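Below, all heavy atoms of this structure are taken into account, side chains as well, without hydrogens, waters or symmetry copies. Position 1 is the first residue of the sequence, and the numbers go up from there. Bear in mind the structure is a predicted one, so any value in this text is a computation, not a measurement.
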Amino acid sequence: MQRIMLRAKIHRAKVTQADLHYEGSCGIDADLLDAADIKIGERIELYNINNGERFSTYAIQGVRGSGEISLNGAAARRAHLGDLMIICTYGPMTDEEIETYIPKIVFVDENNHFAGLKK
């Protein structure tokens, strides 16, 4: 049996851009994508801490070192600039994989720059 488990999380990242007329997706600073091991085009789940909205889209690469968290297309209606988001990915794992797997929990500073991993 496989279970769907948390694979990675970017915790409390601030929305920096929103573009309703873009084709869709969430732009994430490339440094944060690397830290969380989130791939371009990967499905992500977003949780808005400010208003409780929960939605999914896919990740696109933002400018490295910019602190970008951009919501595009319909996702732009789910948050305001400055809202805090939790961005997660999940994946299937066997019970054996679960025993040793540790999800990547990425923390950011007030400018959405990488501040460390949960130990």
Side-chain angles (χ1 to χ4, degrees):
M1 174 186 357
Q2 293 201 329
R3 301 172 193 264
I4 304 302
M5 303 296 293
L6 177 67
R7 203 182 60 67
K9 173 171 86 165
I10 300 171
H11 190 67
R12 297 180 65 91
K14 191 182 322 175
V15 176
T16 61
Q17 300 171 33
D19 184 353
L20 183 61
H21 302 290
Y22 188 83
E23 65 186 58
S25 67
C26 177
I28 301 171
D29 179 325
D31 288 338
L32 299 178
L33 289 176
D34 291 347
D37 190 28
I38 296 173
K39 303 301 182 197
I40 297 167
E42 185 172 353
R43 180 183 176 157
I44 55 176
E45 300 290 327
L46 296 101
Y47 312 122
N48 186 325
I49 294 168
N50 293 76
N51 67 18
E53 288 278 355
R54 300 168 72 92
F55 56 98
S56 62
T57 187
Y58 59 93
I60 61 172
Q61 182 172 309
V63 175
R64 186 173 297 281
S66 67
E68 175 184 344
I69 300 293
S70 62
L71 298 178
N72 303 305
R77 294 214 184 260
R78 301 292 180 105
H80 294 285
L81 296 181
D83 281 1
L84 296 176
M85 307 295 290
I86 297 171
I87 303 169
C88 296
T89 62
Y90 298 87
M93 294 181 197
T94 65
D95 287 340
E96 294 76 27
E97 290 170 316
I98 292 167
E99 301 246 349
T100 58
Y101 186 77
I102 300 171
K104 293 190 178 180
I105 311 297
V106 173
F107 293 100
V108 298
D109 66 15
E110 64 278 354
N111 298 309
N112 287 345
H113 296 131
F114 177 73
L117 292 172
K118 181 178 179 180
K119 302 281 187 215

Search all heavy atoms of [X] against all heavy atoms of [Y] and return the closest pair with its distance.
| X | Y | value |
| --- | --- | --- |
| E45 | S56 | OE2-CB, 3.2 Å |
| M85 | V15 | CG-CG2, 3.5 Å |
| R3 | D95 | NE-OD1, 2.8 Å |
| A115 | D109 | CB-N, 3.7 Å |
| A36 | A8 | O-CB, 3.1 Å |

Could you tell me if the side chain of [Y] sits less than 4.5 Å from the side chain of [X], heavy atoms only?
| X | Y | result |
| --- | --- | --- |
| S70 | D19 | no |
| I44 | T57 | yes |
| I105 | L6 | yes |
| D31 | H113 | no |
| V106 | L117 | yes |
| Y101 | M5 | no |
| V108 | L32 | yes |
| P103 | K9 | no |

Determine yes or no for a side-chain-to-main-chain donor-acceptor pair under 3.5 angstrom, with [X] supplying the side chain and [Y] the backbone.
| X | Y | result |
| --- | --- | --- |
| R12 | I49 | no |
| T16 | I69 | yes |
| D29 | S66 | yes |
| N112 | A13 | no |

When rounded to the nearest 0.5 angstrom, what distance separates [atom1] in [X] from [atom2] in [Y]?
| X | Y | atom1 | atom2 | result |
| --- | --- | --- | --- | --- |
| K14 | E68 | NZ | CD | 14.5 Å |
| E96 | Q2 | CD | CD | 10.0 Å |
| D34 | I28 | CG | CD1 | 11.5 Å |
| M93 | M1 | CE | CE | 15.0 Å |
| N48 | I87 | CG | CD1 | 10.5 Å |
| F107 | I10 | CZ | CD1 | 12.0 Å |

If you count every heavy atom of other residues, nucleotides or ligands that lies below 6.0 Å from [X] atom [atom1], does the total exceed 12?
| X | atom1 | result |
| --- | --- | --- |
| H80 | NE2 | no |
| I4 | CD1 | yes |
| R77 | CZ | no |

Query raised in the report: According to a 4.5 Å side-chain heavy-atom criterion applied to Ile, Leu, Val, Met, Phe, Trp and Tyr, with indirect links allowed, do I86 and L84 form part of one hydrophobic cluster?
Result: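 Linked within one cluster.
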
Report task. Indicate, with yes or no, if Y58 and F55 share a hydrophobic cluster defined by side-chain heavy-atom contacts under 4.5 Å among Ile, Leu, Val, Met, Phe, Trp and Tyr. Result ->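 No, F55 does not connect to Y58 through the hydrophobic network.
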
Query raised in the report: In terms of side-chain geometry, is the basic nitrogen of D83 or R78 positioned less than 4.0 Å from the acidic oxygen of its partner?
Result: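 Answer for the salt bridge query: no.
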
Requested in this report: Determine, step by step, whether D37 and R7 satisfy the side-chain contact (heavy atoms from CB on, under 4.5 Å) criterion, reporting the C-alpha distance in whole Å, the side-chain angles of both residues, the deciding distance to 0.1 Å, and the verdict.
Outcome: CA-CA 9 Å; D37 190 28; R7 203 182 60 67; 3.6 Å; yes

